[in-house]
Amino acid sequence: QVQLVESGGGLVQAGDSLRLSCAASGRTFSRYAMGWFRQAPGKEREFVAAVSSSGGGTNYADSVKGRFTISRDNAKNTVYLQMNSLKPEDTAVYYCAADQRIWWRTSTDPYDYAYWGQGTQVTVSS
């Protein structure tokens, strides 16, 4: 089992950057595939980015490709989401997710992830 805590959200202007962090508890973080998802008011939770357990595989939603970068530091039990050139449509609560069963994958399906953080709010003003 793993517990996840996101941080780094905030209020920024369009074009700015933010880096989200997701700190995981436990000694087996390196065995978990990790994902970032987001949910805007009135909308369903959507995939943003994912990284495999080793960090060798990454996957991005088309809407963030070229602007966001997911990475992980297994020594620090942390996954990051670097967000550049932010747009108002990026406004949402951002969640990190983890699952050991899909360790080699970069799944876009939220139902593949058993563990979730509490979320961090990102608001981008125009």
Side-chain angles (χ1 to χ4, degrees):
Q1 190 170 354
V2 65
Q3 293 182 325
L4 306 172
V5 179
E6 301 97 333
S7 61
L11 172 63
V12 297
Q13 294 186 333
D16 286 351
S17 298
L18 275 177
R19 188 175 80 157
L20 304 183
S21 299
C22 174
S25 64
R27 295 176 291 177
T28 60
F29 175 74
S30 62
R31 300 178 186 176
Y32 287 78
M34 302 295 296
W36 284 98
F37 293 78
R38 66 187 182 187
Q39 188 166 18
K43 295 188 176 181
E44 293 186 353
R45 190 167 299 190
E46 66 172 357
F47 169 75
V48 176
V51 61
S52 62
S53 60
S54 69
T58 58
N59 194 8
Y60 297 93
D62 288 343
S63 59
V64 307
K65 202 170 292 184
R67 299 188 298 124
F68 291 11
T69 302
I70 188 170
S71 62
R72 66 189 296 159
D73 185 337
N74 285 343
K76 295 183 178 180
N77 281 16
T78 302
V79 63
Y80 304 97
L81 185 68
Q82 177 66 44
M83 306 187 294
N84 298 329
S85 302
L86 282 161
K87 304 175 181 180
E89 51 263 45
D90 294 318
T91 295
V93 177
Y94 283 70
Y95 300 90
C96 71
D99 205 289
Q100 189 174 4
R101 297 168 300 172
I102 54 167
W103 58 271
W104 72 99
R105 293 176 54 194
T106 56
S107 175
T108 65
D109 186 347
Y111 291 100
D112 280 340
Y113 296 87
Y115 303 102
W116 292 82
Q118 82 290 348
T120 185
Q121 176 71 47
V122 172
T123 303
V124 184
S125 63
S126 58

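Side-chain atoms are counted along with the backbone in the values below, which use heavy atoms only and exclude waters and symmetry mates.
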[X] [atom1]: over 12 foreign heavy atoms closer than 6.0 Å:
| X | atom1 | answer |
| --- | --- | --- |
| R31 | CZ | no |
| K43 | NZ | no |
| E46 | CD | yes |

Treating [X] as the side-chain partner and [Y] as the backbone partner, does any N or O pair qualify as donor plus acceptor under 3.5 Å?
| X | Y | value |
| --- | --- | --- |
| T91 | V124 | yes |
| N74 | S53 | yes |
| R72 | G55 | no |
| T69 | Q82 | no |
| N59 | T106 | yes |
| E6 | L20 | no |
| Y60 | I70 | yes |
| D16 | L86 | no |

Shortest non-hydrogen contact from [X] to [Y]?
| X | Y | value |
| --- | --- | --- |
| A24 | V2 | CB-CG2, 3.6 Å |
| L4 | Q118 | O-OE1, 3.7 Å |
| A49 | L81 | CB-CD1, 4.1 Å |
| A92 | A40 | CB-N, 3.8 Å |
| V122 | G9 | CG2-CA, 4.1 Å |
| W104 | S52 | O-CB, 3.9 Å |

One pair to check against salt bridge (Lys or Arg N to Asp or Glu O under 4.0 Å): K65 and D62. What are the steps and the verdict?
CA-CA 5 Å; K65 202 170 292 184; D62 288 343; 3.2 Å; yes
Straight-line distance of [X] [atom1] to [Y] [atom2], nearest 0.5 Å:
| X | Y | atom1 | atom2 | answer |
| --- | --- | --- | --- | --- |
| E89 | S126 | CD | OG | 10.0 Å |
| S85 | K87 | OG | NZ | 8.0 Å |
| W103 | S54 | CH2 | OG | 8.0 Å |
| F29 | Q100 | CZ | CD | 12.0 Å |
| E44 | Q39 | CD | CD | 8.0 Å |
| N77 | C22 | CG | SG | 10.0 Å |

List the steps, then state whether salt bridge (Lys or Arg N to Asp or Glu O under 4.0 Å) holds for D99 with R105.
CA-CA 10 Å; D99 205 289; R105 293 176 54 194; over 6 Å; no
Tell me whether Y95 shares a hydrophobic cluster with I102, the cluster being built from Ile, Leu, Val, Met, Phe, Trp, Tyr side chains joined at under 4.5 Å.
yes
Hydrophobic cluster membership, with links at side-chain heavy-atom distances under 4.5 Å among I/L/V/M/F/W/Y: are L18 and V93 in one?
no
May I ask you to decide if the ring planes of F68 and Y94 are parallel, tilted or perpendicular, using 30° and 60° as cut-offs?
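F68 and Y94: tilted rings.
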Please report the C-alpha distance between K76 and S21 in whole Å, then the side-chain angles of each, then the deciding distance to 0.1 Å, and finally whether the side-chain contact (heavy atoms from CB on, under 4.5 Å) criterion is met.
CA-CA 11 Å; K76 295 183 178 180; S21 299; over 6 Å; no
For a side-chain contact (heavy atoms from CB on, under 4.5 Å) check, start with the C-alpha distance between M83 and V12, then their side-chain angles and the critical distance, and finish with the verdict.
CA-CA 11 Å; M83 306 187 294; V12 297; over 6 Å; no
F47 pairs by ring pair (Phe, Tyr, Trp, His ring centres under 6.0 Å) with which of F37, W36, Y113?
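Passing option: F37.
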